[in-house]
Protein chains: 2
Amino acid sequence: MTVTIYDVAREAGVSMATVSRVVNNNPNVKPQTRKKVFEAIERLGYRPNAVARGLASKKTTTVGVVIPDISNAIFAEVARGIEDIANMYHYNIILCNADKKKDKEIRVINTLLEKQVDGLLFMGGAVTDEHLQAFRTSNVPIVLCATTDENGTIPSVDIDHEAAAFDAVQTLIKQGHTSIAMIGGTLQDPANGYSRFQGYKRALETSGLTYDENLVRIGNYRYESGAEAMKHFLDLPVRPTAVFSATDEMAIGAIHCIQDNGLRVPDDFSVISVDNSRMASMVRPQLSAVAQPMYDIGAVSMRLLTKLMKKETVEQAKVVLPHEVVMRQSVGSK
Amino acid sequence: MTVTIYDVAREAGVSMATVSRVVNNNPNVKPQTRKKVFEAIERLGYRPNAVARGLASKKTTTVGVVIPDISNAIFAEVARGIEDIANMYHYNIILCNADKKKDKEIRVINTLLEKQVDGLLFMGGAVTDEHLQAFRTSNVPIVLCATTDENGTIPSVDIDHEAAAFDAVQTLIKQGHTSIAMIGGTLQDPANGYSRFQGYKRALETSGLTYDENLVRIGNYRYESGAEAMKHFLDLPVRPTAVFSATDEMAIGAIHCIQDNGLRVPDDFSVISVDNSRMASMVRPQLSAVAQPMYDIGAVSMRLLTKLMKKETVEQAKVVLPHEVVMRQSVGSK
DNA sequence: CTGTTAGCGCATTCAC
DNA sequence: GTGAATGCGCTAACAG
């Protein structure tokens, strides 16, 4: 039924070793016979079996990608960067959603390893000892994508979330705001949650503003939670004049909450966030945000992984990509 | 270095066949020895090699997914549906972006087939003879996801795009609009382009309205192209009063174009689209749209594929999921 | 219930 | 340049 390398060999009147050579572009084949083999391949409609090849060569040219949620625009953009570079280096990717749930993450890491992926790209929540444990059971290279581990022992590529948040809040402060609220994520989330919150606090301190816990609400990164948080701020006896959101989507929720209550952005409230997803320019007023290069994070981490897989020596195993604040219309001066 | 089934067998004092049985949950193993084997597995840290298993069993428990662009919210949502169900049935997915480019599609289909996927989910542009050709070279089941082939020979799951567009335009007509513009996609695109355009025309005809080609613009599904198209309509000597957009994103572009020109939605213009992505409720005014069940399309197509892979007989190989118009705030009466 | 024996389709020595 | 032989790690009959 299925035509194998052996069939091709017989058809071409050569050995399977030779067929293997031409299929793998080994130069040690006379052009003459190479041609014969190609013709036989064509005639028989031979298609190499990558699984057999993987077993024999111990290389599958596929990498595993564990991602929190592919339907989240941010991660989807990272994934696109990963896939583009993977494709460029002739790797395929096995994609697994893990929703930042530790057990699910551990589980998919293991099945990915069973599938003998040549490398692993991990995008998730906190990197715990259990993760490290799971990583250690294999000897394929791993790179953390849009996350970091505390000890910094694993290669990773990300932005400096703390600094990004700091810069966002600073631009608010520079505009004269002194009462700045924050809509954050759970502190369990090291990057989007904890670090961005730390950046917020540091920005306040640096400028001599006092931190007020009534001015921070924790959301779940979704639009609705941004609106809810904003509602809370609007109900405060003394309202802040600006809000920093850990993500675009919550920021947009906040903007609409403000508008739905008859107030205006940026006249009555300034809002800024971190992300700069495509949605940022798809709202009115357009959202000012600290840009996080999602696509590049994916692309660079995949590129790093290819190097690791080829056992090339990499100088920089922990890369921090730059962020930048892009001002649009949602921030005004006080 | 790597511990194999043979090592486990020796450690447990049984044959490799027995180890294979317990690993595969074959009931024909005495609980006694099953326990011994599990202990040996634990002690040695054995991890089954899925590649070897795949070669021996001719099943890889992975399916290939060709998708136009994972960074597009619509497709990402479909992908999530696919992955969830795949995961439920213990399949993994290899994800390949193909940008609706025919050659790229053909190419990834072939590499997916080389990787011996157990099934293929195809999401793309038109299904040409070349595609059929490529599909035919393998005997794994294929299902078209959010697309259909003309002859209807391949299993597929999608909505009725023509009817969805028809319904969208009809709701505009019911509100008293008689001059309705359309922002569409390229007619080369069978689902989002051609079919939705056909639905638009039929709705006009059905209601005795005349089709005016000056009232239709072709966009590229992105926000900016929606705005540009709308700009064109605004510049017309006699403006339409409503616009139907083939996608949410272009509709939002149109809304903002209207607003940026000092006009109002729905007071001056009504707008409706097909998709109903999460963004629809993240604009002001909130977008009315015909809902297309993206997640379900993915989930159902994956479910269908699992049946096909198990060689279960499926009664309905061409499933058309229902759509529904959800009215929000962007449509008003004339 | 358990062990023996063959491959699965290919890459890879090692000879020639 | 090319061929013969071996094994990658596992499943699948087939015996017993």
Side-chain angles (χ1 to χ4, degrees), chain A residues 1-38 40-41 44-62 111 113-118 138-140, chain B residues 1-38 40-41 44-62 90 111 113-118 137-140:
Chain A
M1 187 67 229
T2 62
V3 19
T4 76
I5 203 174
Y6 183 74
D7 301 320
V8 176
R10 205 153 30 83
E11 175 80 10
V14 300
S15 73
M16 22 184 306
T18 301
V19 178
S20 176
R21 289 196 185 90
V22 342
V23 169
N24 291 296
N25 270 313
N26 184 317
N28 295 345
V29 180
K30 209 179 352 174
Q32 183 66 249
T33 69
R34 180 184 301 278
K35 182 154 169 290
K36 272 197 310 190
V37 172
F38 272 131
I41 286 177
L44 267 41
Y46 168 70
R47 163 181 295 142
N49 180 326
V51 172
R53 185 184 291 197
L55 183 58
S57 70
K58 293 172 170 304
K59 280 186 179 48
T60 55
T61 63
T62 106
T111 89
L113 259 19
E114 285 185 6
K115 298 234 171 182
Q116 311 299 119
V117 293
D118 293 339
S138 95
N139 33 28
V140 305
Chain B
M1 185 67 230
T2 63
V3 20
T4 75
I5 203 174
Y6 183 73
D7 301 320
V8 176
R10 205 154 30 81
E11 175 81 9
V14 299
S15 72
M16 17 183 310
T18 301
V19 177
S20 175
R21 287 194 186 93
V22 341
V23 169
N24 291 295
N25 268 314
N26 183 318
N28 296 344
V29 180
K30 209 182 351 178
Q32 183 65 249
T33 69
R34 177 184 303 277
K35 183 154 170 288
K36 272 196 310 189
V37 172
F38 272 131
I41 287 179
L44 268 42
Y46 168 69
R47 164 180 294 142
N49 180 327
V51 172
R53 186 184 290 196
L55 183 59
S57 69
K58 294 173 167 306
K59 281 186 178 47
T60 55
T61 61
T62 107
H90 304 289
T111 89
L113 259 19
E114 284 185 7
K115 299 233 171 181
Q116 311 301 118
V117 293
D118 293 339
T137 62
S138 95
N139 34 28
V140 305

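In what follows, every chain begins at residue 1, and chains take the letters A, B, ... in the order their sequences are listed.
In this structure, A:Thr18 and A:Val37 approach most closely via the heavy-atom pair CG2-CG2, 4.4 Å. Between B:Asp7 and B:Thr2, the closest heavy-atom pair is OD2-O, 3.9 Å. The two residues A:Ile5 and A:Tyr46 come nearest to each other via the heavy atoms N-CE1, 3.6 Å. Nearest heavy-atom pair across A:Ala40 and A:Ala12 is CB-CB, 3.7 Å.
To the nearest angstrom, P of D:dA12 lies 13 Å from CG of B:Asn28. Whole-Å rounding puts the B:Asp118 CG to C:dC8 C1' distance at 15 Å. The CZ atom of A:Arg21 sits 10 Å away from the C1' atom of C:dA11 (whole-angstrom rounding). Spacing between atom CG of A:Leu44 and atom P of C:dG9 amounts to 14 Å, rounded to whole angstrom units. Rounded to whole Å, the distance from CZ on B:Arg47 to P on D:dG9 is 14 Å. Atom pair B:Arg53:CZ and D:dC8:C1' shows a separation of 16 Å (rounding to whole Å applied). Between B:Met16 atom CE and D:dC10 atom C1' the separation is 6 Å, expressed in whole Å. Atom pair B:Asn26:CG and C:dG3:C1' shows a separation of 14 Å (rounding to whole Å applied).
The residue among A:Leu55 and B:Ser57 whose nearest nucleotide of DNA chain D lies closer to the 5′ end is A:Leu55. Mapping B:Thr18 and A:Pro48 onto DNA chain C via the closest heavy atom, the residue that lands nearer the 5' end is B:Thr18.
When the side-chain nitrogen and oxygen atoms of B:Ser15 are compared with OP1 and OP2 of C:dT2, none of them lie within a distance under 4.0 Å. At the phosphate of C:dG9, OP1 or OP2 sits under 4.0 Å from a side-chain N or O atom of B:Lys58. OP1 or OP2 of D:dT11 lies within a sub-4.0 Å distance of a side-chain N or O belonging to B:Ser20.
The distance from the CZ atom of A:Arg34 to the CZ atom of A:Arg21 is 11.0 Å, given to the nearest 0.5 Å. Between B:Leu44 atom CG and B:Arg10 atom CZ the span is 8.5 Å, to the nearest 0.5 Å.
Among the protein residues, A:Val14 comes within range of the sugar-phosphate backbone only, with heavy atoms under 4.0 Å from sugar or phosphate atoms but none that close to a base.
The side chain of A:Lys30 lies closest to D:dT2, out of D:dT2, D:dA4, C:dG3. Here C:dG9 is the nucleotide among C:dG9, D:dA4, D:dT11 with the atom lying nearest to any side-chain atom of A:Ala52.
Between A:Thr61 and B:Lys115 there is a side-chain heavy-atom pair separated by less than 4.5 Å.
For the segment residues 3-12 of chain A, residues with any heavy atom less than 4.0 angstrom from an atom of DNA chain C are, sorted by number, A:Thr4, A:Ile5.
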